[in-house]
Amino acid sequence: MGDLKLTYQVDGGDLLQAGEASSQMKMALKKLDLPPEVIRKASICMYEGEINMVIHADGGHVEVTVGMDAITIRLVDQGPGIPDVDKAMEEGFTTAGDVARDLGFGAGMGLPNMKRYSDEMEIDTTVGVGTTVTMRIHIA
Amino acid sequence: MTVSELANILALQSFCLPEPGREVTGGYVGDLLSWVMGRAKAGDAWLTIMSNQNVAAVALMTDAACVVLTEDVRPDEALLRRAQQQSINLLGTKRSSFDTAAALKDLLR
């Protein structure tokens, strides 16, 4: 059996609507025979990534590949890029605005949470061009 | 203890209860959604005063057993709709987060 590939569009702008892609992915993963904790980790990683895309990059798209050994989540945006990745990875550091903060986001936990719940994470970013975050969550 | 039992014992208001039999194994209190995403565990009863629709998404992603809106906070229409769509147990209480957490802790002992 080949890998299962899923693709989701993430619309920018409306933070209230964010989470649609992650919700759909979670529903799709639940239909597969995967450990609940793996689905949970993948869902949190994807949701934080989706929120980041909406807050910072006016949306983008996500490619999810479910293989035998791992779930790979690739978040691709054409946003402003991340000038200082090490800084962005620090818990509590944020450049999110008041709107995000009022809704309960912008605590500077997004990228740290993605790192925490993925087994591997890679950030490929160029200022002015965009960011691609690739996360792998191992299955068993 | 199931969500339904928790709701009965603490006299919680039920806004949306699609999975009353979900087991409550712990609790988490928090209003910063990313913080909750990072720290809440599957099976937690999540106590919060946030009432926008992202609450349903966070509950879904973290596998929370239920959301308890404290301090007499009520869900906005969008949250209620999303909770129904995504089978999220959404409860409410007039008690403070502190009092609710203390009561929950007693019940889980």
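Being a predicted model, the structure only gives us computed values, none of them experimental. Chain letters run A, B, ... following the sequence lines, proteins first, then strands; residues in each count from 1.
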Pick out which of D77(A), D84(A), T131(A) makes a side chain to side chain donor-acceptor pair (under 3.5 Å) with T125(A).
-> T131(A)
Ionic contact status for R116(A) with E91(A), cut-off 4.0 Å = yes
For the candidates M109(A), M46(A), R40(A), which exhibits the highest count of non-hydrogen atom pairs separated by less than 4.5 Å from chain B?
-> R40(A)
When the 4.5 angstrom heavy-atom criterion is applied to P36(A) and chain B, the contacting part is backbone
Most chain B-contacting option - heavy-atom pairs closer than 4.5 Å, from E37(A), K26(A), M27(A) | K26(A)
Backbone of H61(A) reached by a side-chain donor or acceptor of Q9(A) within 3.5 Å | no
So which of M37(B), Q53(B), M50(B) has the biggest tally of heavy-atom pairs under 4.5 Å with chain A?
-> M37(B)
Under 4.5 Å to a heavy atom of chain B? For Q17(A) that would be both
Contact class of I39(A) relative to chain B, heavy atoms under 4.5 angstrom | neither
With the threshold set at 4.0 Å, does a side-chain nitrogen-carboxylate oxygen contact exist between K41(A) and D119(A)?
-> yes
Relative to chain A, which segment of N54(B) carries a heavy atom at a distance below 4.5 Å: side chain, backbone, both, or neither?
-> both
With sequence neighbours excluded, tell me which residues meet side-chain contact (heavy atoms from CB on, under 4.5 Å) with K115(A).
-> M89(A), M121(A)
Is the side chain of D44(B) donor-acceptor paired with the backbone N or O of K41(B) at a distance under 3.5 Å, no angle test?
-> yes
Checking heavy atoms, do the side chain of N52(A), its backbone, both or neither come under 4.5 Å from chain B?
-> neither
